[in-house]
2 protein chains.
Amino acid sequence: MLSNASKYAVNAINHLVLNSSEENKLLVKDIAEDLDIPKPFLSKILQQLAAVNYISSAKGPGGGFYVTAGQLDRSILDIIVEIEGKDQFKQCALNFDDCNESNPCAIHHLIATMKDGLRKAYKDIRLKDLKIRN
Amino acid sequence: MLSNASKYAVNAINHLVLNSSEENKLLVKDIAEDLDIPKPFLSKILQQLAAVNYISSAKGPGGGFYVTAGQLDRSILDIIVEIEGKDQFKQCALNFDDCNESNPCAIHHLIATMKDGLRKAYKDIRLKDLKIRN
DNA sequence: TAAAAAAAGGATAATAATGTCTTTTTTATG
DNA sequence: CATAAAAAAGACATTATTATCCTTTTTTTA
């Protein structure tokens with residue numbers, strides 16, 4: 001379904017949303033240990049997310065990663081797409097070019113509703129929603 | 001979403017359901033050309049499906065692959081699970097062990113309905129349904 | 001029964017994803 | 001301003017997926 005990288009990304013962001021702030025930055029080392037993710041791999045992922053400003057980072061002593069209030073409107077889908085480099089939920093399940101209602105693949109009509117629904121579910125989750133116990 | 005291998009498998013099976021029978025077997029070569037799938041890779045996939053009797057095959061002149069009436073009750077999910085070696089739709093989106101209603105991951109409640117629904121959609125498609133224009 | 005057709009099987013190669021390690025840059029602080 | 005802490009960056013290793021090629025086995029049929 002999702003790649004390891006994007007699962008790690010979502011887990012790490014969830015952790016940052018719940019436990020970090022500008023005054024309380026988290027070290028890659030600690031996040032990696034808490035979530036049981038290979039540290040250097042997580043480091044790459046967090047760097048990538050910080051580069052597009054989905055999360056914030058600070059170098060040097062007292063530095064680390066954190067999420068600001070202004071970053072809480074990002075969706076989980078945004079994160080997945082950024083890390084995977086593509087929107088897998090938009091692609092045809094059978095890899096047809098231009099698969100759609102009027103030019104459907106063999107199973108389009110049978111799965112489109114649910115596939116689109118799952119995409120919407122990921123899109124509707126904003127980082128701020130992770131603060132609420134669902 | 002799905003691996004290339006399982007996409008190829010579903011496309012090839014669809015092709016077999018629509019165009020083959022015990023009296024009209026199809027060659028890997030022809031299926032590969034018609035569907036634009038690398039022939040040796042498709043060959044492996046069809047072998048695997050034939051080994052578990054999801055499709056039929058015959059060696060020698062006049063041989064090839066085909067689907068019989070008795071094989072039309074198989075679901076698309078069966079094919080995906082066989083080829084991928086796991087049921088990705090059953091796994092937690094964030095890789096939590098034993099993620100469920102009472103022990104949910106951070107986004108379980110927000111995506112479970114759609115994720116389970118997509119799995120059911122794949123499970124509800126039987127090969128015989130591919131004969132009908134949906 | 002020999003030849004050819006076709007799948008089955010095995011070995012190998014290329015690519016992408018995942019994971020590890022080391023060096024560099026930035027920055028706070030004693 | 002020297003030191004140390006931390007992310008950033010880059011090089012490398014491993015594994016899984018995808019793809020290719022070659023050989024073997026089975027089977028039909030001339």
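Each chain gets a letter, A, B and so on, in the order the sequences are listed, and its residues count up from 1.
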### Query
Which one, D:dA8, C:dG19, D:dT18, comes nearest to the side chain of A:Ala50?
D:dA8
### Query
Relative to the 5' end of DNA chain C, which residue comes earlier, B:Gly64 or A:Pro61, by the nucleotide with the nearest heavy atom?
B:Gly64
Atom pair distance, as rounded to whole Å: [atom1] in [X] and [atom2] in [N]:
X       : N      : atom1 : atom2 : value
B:Asn24 : C:dA6  : CG    : P     : 13 Å
A:Lys39 : D:dA8  : NZ    : P     : 12 Å
B:Leu49 : C:dA8  : CG    : C1'   : 14 Å
A:Leu27 : C:dA28 : CG    : P     : 15 Å
B:Gln48 : C:dA7  : CD    : C1'   : 15 Å
A:Asn4  : D:dT17 : CG    : C1'   : 14 Å
B:Lys59 : D:dT23 : NZ    : C1'   : 12 Å
B:Glu84 : D:dT17 : CD    : P     : 9 Å

Contact class for [X] (heavy atom, under 4.0 Å): base, sugar-phosphate, or nothing?
X       : result
B:Leu26 : sugar-phosphate
B:Leu46 : nothing
B:Ser3  : sugar-phosphate
A:Lys44 : base
B:Ala58 : sugar-phosphate
B:Pro40 : base

### Message
Between B:Asp78 and B:Lys123 (salt bridge meaning N to carboxylate O under 4.0 Å), is one present in this structure?
### Response
no
#### Entry: Whichever of A:Gln47 and B:Lys86 has its nearest DNA chain D nucleotide further upstream toward 5'
A:Gln47
### Message
With a 4.0 Å cutoff (strictly under), does any side-chain N or O of B:Ser57 reach OP1 or OP2 of C:dA6?
### Response
no
### Query
Do the side-chain N or O atoms of A:Tyr8 get closer than 4.0 angstrom to the phosphate oxygens (OP1, OP2) of C:dG19?
yes
### Task
For the pair B:Arg126 (side chain) and B:Arg74 (backbone), establish whether a donor and an acceptor sit closer than 3.5 Å, ignoring hydrogens and angles.
no
### Query
Donor-acceptor pair, B:Lys128 side chain versus B:Ala69 backbone, under 3.5 Å?
no
#### Entry: Atom of B:Ala121, atom of A:Met114 and distance for their closest heavy-atom approach
CB-CG, 4.3 Å
### Query
What is the pairing partner of D:dA30, taking Watson-Crick or G-U wobble pairs with both distances under 3.5 Å in any strand?
C:dT1
### Task
Flag yes if more than 12 heavy atoms outside B:Lys39 fall under 6.0 Å of its NZ atom; otherwise flag no.
no
